[in-house]
Amino acid sequence: HPPIDLVSLLDMSVSGLSRMAVADDSKLKIYEEAKDLYTEILRRGDTNQRKEAVTTLWALAFNNDVAMALRDDDDAMNG
């Protein structure tokens, strides 16, 4: 097996979560499970990774529970 490229794996993970974020019934679960990942991406990711993370958080925020959690999450809001 070829070695795992962690950057590619991260990009695939973020991209997959972004596509899943459009389903209302999964938004809160995605946010709860991936908020630390998104916070880390906002702090240390490259431009494309940060753009994907912000786009996904924006899509997730259309759920009222997620929007409230984001407002209360200083790490996510300050990236």
Side-chain angles (χ1 to χ4, degrees):
H1 297 284
I4 296 174
D5 176 1
L6 294 179
V7 173
S8 295
L9 182 61
L10 176 63
D11 289 344
M12 288 185 301
S13 297
V14 171
S15 179
L17 288 171
S18 179
R19 286 191 298 275
M20 290 172 48
V22 298
D24 282 334
D25 58 339
S26 63
K27 287 182 178 186
L28 183 58
K29 182 71 171 171
I30 291 170
Y31 174 74
E32 290 171 343
E33 296 295 326
K35 67 181 179 178
D36 292 337
L37 171 65
Y38 286 117
T39 300
E40 191 63 23
I41 291 169
L42 292 173
R43 286 186 181 145
R44 300 174 196 249
D46 66 29
T47 302
N48 289 332
Q49 292 167 339
R50 288 194 313 264
K51 180 181 174 186
E52 189 77 35
V54 168
T55 300
T56 302
L57 289 171
W58 178 79
L60 293 172
F62 280 93
N63 175 286
N64 287 334
D65 293 328
V66 175
M68 289 177 17
L70 277 168
R71 281 192 292 269
D72 293 339
D73 187 342
D74 290 336
D75 287 335
M77 295 305 290
N78 295 319

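From a predicted model like this one, the values you see are computed outputs, not experimental measurements. Because only heavy atoms are used, hydrogens play no part in the values below, and waters and symmetry mates are left out as well, while side chains stay in.
Between the side chain of Lys27 and the backbone N or O of Ala59, at least one donor-acceptor pair lies under 3.5 Å. When atom types are taken as modelled, the side chain of Glu52 and the backbone of Gln49 share no donor-acceptor pair closer than 3.5 angstrom.
Considering NZ of Lys35 and CG of Leu57, their distance stands at 11.5 Å, rounded to 0.5 Å. For the atom pair Asp73 CG and Tyr38 OH, the distance stands at 13.5 Å (nearest 0.5 Å). A distance of 8.5 Å separates CD1 in Ile30 from OG1 in Thr56, rounded to the nearest 0.5 Å. The CD1 atom of Ile41 sits 9.5 Å away from the CG atom of Asp46 when rounded to the nearest 0.5 Å.
Heavy-atom minimum distance, Ala61 versus Ala67: O-CB, 3.4 Å. Heavy-atom minimum distance, Leu42 versus Arg50: O-CD, 3.3 Å.
Every residue meeting the side-chain contact (heavy atoms from CB on, under 4.5 Å) condition with Asp65, not counting sequence neighbours, appears here in chain and number order: Leu28, Asn63. Every residue two or more places apart in sequence or in another chain was checked for a salt bridge (Lys or Arg N to Asp or Glu O under 4.0 Å) with Lys51, and none qualifies. With sequence neighbours left out, the salt bridge (Lys or Arg N to Asp or Glu O under 4.0 Å) criterion links Glu40 to Arg44. Every residue meeting the side-chain hydrogen bond (donor to acceptor under 3.5 Å, both in side chains) condition with Glu33, not counting sequence neighbours, appears here in chain and number order: Lys29.
The cluster map of Ile, Leu, Val, Met, Phe, Trp and Tyr, joined by side-chain heavy atoms under 4.5 Å apart, puts Val66 and Val54 in the same cluster.
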